[in-house]
Amino acid sequence: MQSIRSVLFTALAITITLAAFVFTASLALALAGIAAVVAIGSAIAARLNFKTARATARPTSGPAPREMRIWNDGRGTIIDL
């Protein structure tokens with residue numbers, strides 16, 4: 001009787017351990033999938049959002065008005081005098 005009980009408890013423990021492993025693995029896989037979708041979405045959004053803004057300003061005074069070139073290359077504004 002003691003031998004049958006220990007076999008049943010061992011089988012029950014193995015079953016519970018395998019169920020916990022499968023549950024944890026499925027949660028990890030779901031989290032990895034969500035993180036991948038968010039990363040791909042943000043990469044696509046960043047690629048579609050990039051636009052170079054170009055602006056010009058003309059000086060109002062001075063002997064020879066020269067065109068100033070001002071633009072933003074995405075990393076900062078550049079002013080060419």
Review item, side-chain donor-acceptor pairs of residues 25-35, under 3.5 Å, at least two apart:
residue	atom	partner	partner atom	Å
Ser26	OG	Val22	O	3.3
Ser26	OG	Phe23	O	2.7

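- Here the straight-line distance linking atom CG of Asn72 with atom CD1 of Ile78 works out to 8.0 Å at 0.5 Å rounding.
- Considering every non-hydrogen atom in both Ser6 and Ser3, the closest pair reads OG-O, 2.9 Å.
- Residue Ile14 belongs to a hydrophobic cluster whose other members are Leu18, with links defined by side-chain heavy atoms closer than 4.5 Å.
- Residue Val7 shares its hydrophobic cluster (ILVMFWY side chains chained together at separations under 4.5 Å) with no other residue.
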